[in-house]
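Only one structure is covered here, and it is reproduced in the block below.
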Amino acid sequence: MLKDKMLEGLNNQIREELESFYIYLSMAGYFDSISLTGCGAWMKAQANEEMSHAMKFYGYINERDARVVFAGLNKPKADWKSPLEAFEDAYKHEQHISGCIHKLAKLAQEVDDPATLNFLQWFIKEQVEEESSTRDVVDKLRMIGEAPHAIFMMDRVLGERK
Ligand code: OFO
């Protein structure tokens with residue numbers, strides 16, 4: 001059985017993951033509205049990953065015979081000045097999520113819950129990849145600056161994400 005504090009933390013992480021879904025879908029909406037549909041597709045793929053993260057926490061809480069409880073989501077930002085600004089926000093958001101996962105892992109150690117600590121290992125690794133992939137796009141967009149043909153090329157490349 002999960003300890004109360006641990007369950008509260010895991011339920012809160014479902015909210016964080018669903019909020020991530022919402023944020024990336026909002027970014028997809030922004031990109032689609034300015035016809036950067038490759039970036040929009042990248043963000044939609046990212047949003048779908050976030051939903052799958054939320055469902056991993058959902059499944060784990062049920063496996064531990066505990067109760068999933070949802071909280072309200074914050075309204076996501078809807079507009080960005082540039083593709084770079086949107087991806088910078090995505091990178092900052094991934095850093096925030098890494099911090100949340102690390103806090104959960106610390107809590108699992110404090111409440112002596114090795115099963116949850118083990119469950120969280122996948123997310124610790126995943127966050128390294130998520131930070132790396134968003135930082136990579138930020139770095140490239142910084143190199144490109146405002147050159148329209150380069151942004152167009154980048155949009156095509158990002159649209160190839162599966
Ligand atoms: Fe972006 O990894 Fe979940 O939130």
Side-chain angles (χ1 to χ4, degrees), residues 2 5-32 36-64 66-110 113 115-142 154-155 157-162:
L2 284 167
K5 260 170 95 174
M6 195 73 252
L7 176 59
E8 197 186 314
L10 292 167
N11 267 320
N12 184 55
Q13 194 59 31
I14 293 186
R15 186 188 56 74
E16 290 282 354
E17 301 296 341
L18 290 176
E19 238 171 48
S20 302
F21 167 83
Y22 221 21
I23 288 168
Y24 291 126
L25 201 58
S26 185
M27 287 181 181
Y30 156 71
F31 281 118
D32 285 338
L36 288 175
T37 51
C39 292
W42 193 98
M43 286 296 175
K44 273 176 252 174
Q46 186 67 25
N48 286 335
E49 274 200 19
E50 300 303 349
M51 181 58 77
S52 78
H53 294 170
M55 292 311 292
K56 275 186 198 284
F57 281 97
Y58 179 101
Y60 179 70
I61 290 172
N62 278 298
E63 254 181 352
R64 295 292 305 273
R67 183 76 168 87
V68 167
V69 178
F70 294 123
L73 302 180
N74 289 314
K75 185 176 177 206
K77 186 172 163 179
D79 263 309
W80 288 266
K81 281 201 302 264
S82 63
L84 174 61
E85 193 187 65
F87 273 96
E88 279 175 339
D89 276 5
Y91 178 47
K92 272 185 238 149
H93 184 69
E94 286 309 321
Q95 289 176 307
H96 161 73
I97 294 296
S98 297
C100 294
I101 299 288
H102 296 163
K103 266 193 215 147
L104 274 180
K106 198 161 168 244
L107 180 61
Q109 280 171 318
E110 279 165 14
D113 185 344
T116 299
L117 190 58
N118 183 52
F119 166 73
L120 292 169
Q121 295 308 310
W122 184 88
F123 286 94
I124 291 171
K125 188 164 170 279
E126 173 73 3
Q127 279 314 117
V128 173
E129 279 174 35
E130 299 249 302
E131 280 193 36
S132 167
S133 61
T134 46
R135 194 180 51 238
D136 185 68
V137 180
V138 167
D139 287 347
K140 288 189 170 77
L141 286 172
R142 280 189 186 143
M154 186 78 185
D155 185 62
V157 171
L158 291 178
E160 284 163 13
R161 175 178 178 176
K162 296 283 172 274

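Remember, it's 1-based here, ligands and their atoms both numbered in the order they're listed. Here the structure is a predicted model, which means the values were calculated and not measured. Along the sequence shown, residues are numbered consecutively beginning with 1.
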Protein N/O/S atoms closer than 2.8 Å to atom 3 (Fe) of ligand 1, ordered by chain and number, come to E17 OE1, E50 OE1, H53 ND1

Under 4.5 Å between any side-chain heavy atoms of S20 and H53, yes or no? no

Taking atom types as modelled and ignoring hydrogens, do the side chains of E131 and Q127 form a donor-acceptor contact shorter than 3.5 angstrom? no

With a 6.0 Å cut-off on ring centres, are W122 and Y60 close enough? no

Answer yes or no: is there an ion pair linking R64 with D113, defined by an N-O contact shorter than 4.0 Å? yes

*asked:* Run R142 and E88 through salt bridge (charged side-chain N to carboxylate O under 4.0 Å, His left out) and show every step you take.
replied: CA-CA 10 Å; R142 280 189 186 143; E88 279 175 339; 2.9 Å; yes

So for H93 against ligand 1, with non-hydrogen atoms under 4.0 Å, the contacting part is neither

Measure up the H93 and Y24 rings against each other and bin them: parallel (under 30°), tilted (30 to 60°), perpendicular (over 60°).
perpendicular

K56 meets the salt bridge (charged side-chain N to carboxylate O under 4.0 Å, His left out) criterion, sequence neighbours left out, with none

One finds that the ligand 1 atoms under 4.0 Å from a non-hydrogen atom of Q46 are 1 (Fe)

